[in-house]
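Just so it is clear: chains get the letters A, B, ... in the order the sequence lines come, proteins before strands, and each one is counted from 1. Below, each value reflects all heavy atoms present in this structure, side chains not excepted, and no hydrogens, waters or symmetry copies.
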Amino acid sequence: MKDLKIFDTYSKSLASFKPISAPFVGIYVCGPTVYGNPHLGHARGPIVFDVLHRFLKFCGYKVRFVRNITDVGHLVNDGDEGEDKIAKKAKIEQLEPMEIAQFYTDSYHKMLNSLNVLPASIEPRASGHIIEQIEMIETIIQNGFAYEVNGSVYFDVIKFSQTNDYGRLSGRIVEDLLAGAGNETRELEGQSEKRSPNDFALWKKAGPEHIMQWSSPWGKGFPGWHIECSAMSKKYLGETFDIHGGGLDLLFPHHESEIAQSVACSSAQPARYWMHHNMITVNGQKMAKSLNNGIAIDEFFSGNNALLEQAYSPMTLKFFVLQAHYRGTLDFSNQALQASEKGLNRLLAASDTIKQLKISALSTIDIDSLETKCFEALADDLNTPILIAHLFELVTLINNIDNGTQSINNEDYIKLESLYNSYVFDLLGLQKEASQGNEKLEGVMKLVIELRKQAKESKNYAVSDAIRNQLAEIGIELKDGKEGTTFTF
RNA sequence: GGUCGGAUGGCCGAGAGGCUAGGCACGGGUCUGCAAAACCCUCUACACCGGUUCGAAUCCGGUUCCGACCUCCA
């Protein structure tokens with residue numbers, strides 16, 4: 001078996017994955033800020049890194065997968081004195097901040113469940129790690145890379161960059177950042193307190209209007225934008241761990257700052273490999289809360305959004321995401337979603353066909369080379385679209401065996417079934433949608449189908465067609481197949 | 001303004017110096033009382049202009065257009 005290659009954003013190159021201490025692998029992925037309903041864009045990271053998670057397990061690694069929940073700390077950017085995002089929403093809705101965080105954490109989990117994403121090994125909350133964050137800030141101050149002003153603590157970017165290459169991850173040059181060329185769009189709050197405009201907050205002093213605040217050596221306040229990930233990844237994965245993942249939009253300043261904080265604290269690079277997935281776009285533009293073009297996940301399931309022509313199932317969304325490589329942008333459209341829906345149905349229908357295949361004395365197929373191609377597709381920087389292309393070759397093969405164009409022997413049959421199940425269900429994490437019916441309805445439909453069959457057999461097509469048409473009117477479609485009639489909603 | 005990335009057939013999307021994915025739609029067929037469904041087969045595209053090369057969608061230069069980051073963001 002060949003090794004896994006992943007594109008490392010830090011070195012900007014394809015790198016062979018070598019764990020720090022095999023068979024253990026530590027992964028940290030930036031999770032959501034729980035102050036809004038998850039939209040399609042929020043689904044991409046979990047889906048992509050879930051395939052990574054599953055693939056590493058498939059390769060025999062023991063994976064600790066950490067995905068945080070940010071329930072504190074990010075600043076609202078509308079000029080009103082840097083109020084905590086969650087606290088801001090709480091005021092509007094007159095709810096406890098933690099109530100909001102809990103509500104949206106739950107809805108995030110619902111999304112993950114519906115998408116059949118494996119649970120994280122640890123899902124730490126920022127609010128539960130204030131002490132760790134404070135300790136880390138203190139160490140950074142002791143090491144001389146941060147300073148306190150009026151109850152706030154800032155990271156000293158200039159000092160840090162004298163001995164470290166701040167900006168390496170995101171391809172930025174400190175001098176350019178300091179020059180701030182052309183970027184005079186907005187005065188950041190607290191700018192006057194900073195020694196340099198690029199210094200970022202590790203700890204912010206809280207005014208009385210801040211609902212979420214904690215005691216610290218510098219007074220009442222709340223943690224800065226980036227420190228939680230540094231503190232929690234260090235706590236659960238160590239000073240240096242294997243893979244850090246997140247969205248491309250977090251590259252700067254979030255991940256750049258994480259590196260700076262970790263290095264300033266421990267003199268160690270936090271992650272060996274950095275992976276960033278690209279954005280989902282709508283009409284070519286990033287789907288983002290601030291652009292108000294996000295389509296909420298539950299709107300996809302209900303079809304209740306002006307941009308949607310119909311409802312789409314969770315697996316359709318997942319398959320849609322997996323049909324594009326994670327490092328490219330993926331443009332949303334109804335046509336594309338509908339294509340994914342039909343393709344997925346064909347892919348999944350093959351699992352039933354496999355069960356009814358006839359075993360022959362000899363095989364006309366080469367299952368081993370297909371297996372190799374599937375593995376190599378994933379090993380090549382998680383190339384799920386190539387994997388899916390190979391799986392569709394497998395589907396055609398299965399169907400051709402079924403219709404007698406090709407044949408398979410017992411040994412190959414076992415391999416084929418295992419190949420299909422491993423890649424479709426275990427690695428991509430697809431699943432068949434639960435049937436919408438219930439036992440009583442199934443019984444009624446069985447009866448109706450039997451009556452129609454009798455009508456057809458006595459050539460009473462007026463009756464059989466009436467049954468079919470009237471069922472169609474209430475949204476139940478009958479399909480006459482070789483093995484009898486089935487129905488779908 | 002700075003930095004980075006992208007333009008692929010009707011649509012979505014891989015790939016990548018010669019072997020030219022895959023899905024969906026279209027078309028042809030099998031099946032069927034009819035229809036639908038299902039299944040099979042088919043469909044040769046890489047923004048524009050130059051250059052390098054025996055050969056470029058793929059490399060180089062230029063042009064046009066689009067996007068991302070630089071500010072919270074998956």
Q) Once you round it to whole Å, what is the distance between C1' of B/G5 and CG of A/Asp249? A) 15 Å
Q: Could you state the atom-to-atom distance from CE of A/Met279 to C1' of B/C66 in whole Å?
A: 17 Å
Q. Near A/Lys12 NZ, under 6.0 Å, is it more than 12 heavy atoms from other residues, nucleotides or ligands?
A. yes
Q) Nearest to the side chain of A/Asn403, which nucleotide is it out of B/C73, B/C39, B/G23? A) B/C39
Q. Which sits closer to the 5' end of RNA chain B, A/Pro46 or A/Thr396, going by the nucleotide each is nearest to?
A. A/Thr396
(Q) Within the 4.0 Å heavy-atom criterion, would you say A/Tyr461 contacts the bases, only the backbone, or no part of the nucleic acid? (A) base
Q.
Distance alone, cut at 3.5 Å: any donor-acceptor contact between the side chains of A/Gln285 and A/Asn293?
A. no
**Q.** Phosphate contact (B/G6 OP1 or OP2) by A/Arg327 side-chain N/O below 4.0 Å
**A.** no
Q) Looking at A/Thr33, does any N or O in its side chain come under 4.0 Å of the phosphate oxygens OP1/OP2 on B/A74? A) yes
Q: Verify the ring-centre separation between A/Phe55 and A/Phe375: is it less than 6.0 angstrom?
A: yes
Q) Going by atom types only, do A/Asp106 and A/Gln102 share a side-chain donor-acceptor pair under 3.5 Å? A) yes
Q.
Looking only at side-chain N and O atoms, does A/Ser170 offer a donor or acceptor that is under 3.5 Å from a partner on A/Arg172?
A. yes
Q: Would you classify A/Gly45 as touching base, sugar-phosphate or nothing, given that sugar-phosphate means primed atoms plus P, OP1 and OP2, and contacts are heavy atoms under 4.0 Å?
A: nothing
Q: Pick base, sugar-phosphate or nothing for A/Ala324, based on heavy-atom distances below 4.0 Å to the nucleic acid.
A: sugar-phosphate
Q: Quickly work out the A/Glu341 CD to B/G22 P distance and round it to whole Å.
A: 22 Å
Q.
Below the 4.0 Å mark, does B/G15 have OP1 or OP2 next to a side-chain nitrogen or oxygen of A/Asn383?
A. yes
Q) Do A/Phe332 and A/His39 have their ring centres less than 6.0 Å from each other? A) no
Q) Using a cut-off of 4.0 Å on non-hydrogen atoms, how would the nucleic acid contact of A/Gly41 be classed: base, sugar-phosphate, or nothing? A) base
Q.
Say we look at B/A7 and B/A57: how far apart would their C1' atoms be, to the nearest angstrom?
A. 12 Å
Q) What nucleic acid atoms does A/Leu248 come within less than 4.0 Å of, heavy atoms only: base, sugar-phosphate, or nothing? A) nothing
Q. Is a donor-acceptor pair below 3.5 Å formed from side chain A/Arg172 to base B/C4, judging by atom type as modelled?
A. no
**Q.** Residue mapping more 5' on RNA chain B - nearest nucleotide basis, A/His277 or A/Leu330
**A.** A/Leu330
Q: Using a cut-off of strictly less than 4.0 Å, decide whether A/Asn399 has a side-chain nitrogen or oxygen near OP1 or OP2 of B/C40.
A: yes
Q. NA contact type, A/Glu477, heavy-atom cut-off 4.0 Å: base, sugar-phosphate, or nothing?
A. sugar-phosphate
Q) Considering only heavy atoms and no angle criterion, is a donor-acceptor pair shorter than 3.5 Å present between the side chain of A/Arg468 and the base of B/A36? A) no
Q. Pairs counted as Watson-Crick or G-U wobble with both distances under 3.5 Å: what dot-bracket string results for RNA chain B, using | for bases tied to another strand?
A. ((((((((.[[[)....(...]]]..((((.......)))).....[[[[[..)....]]]]])))))))....
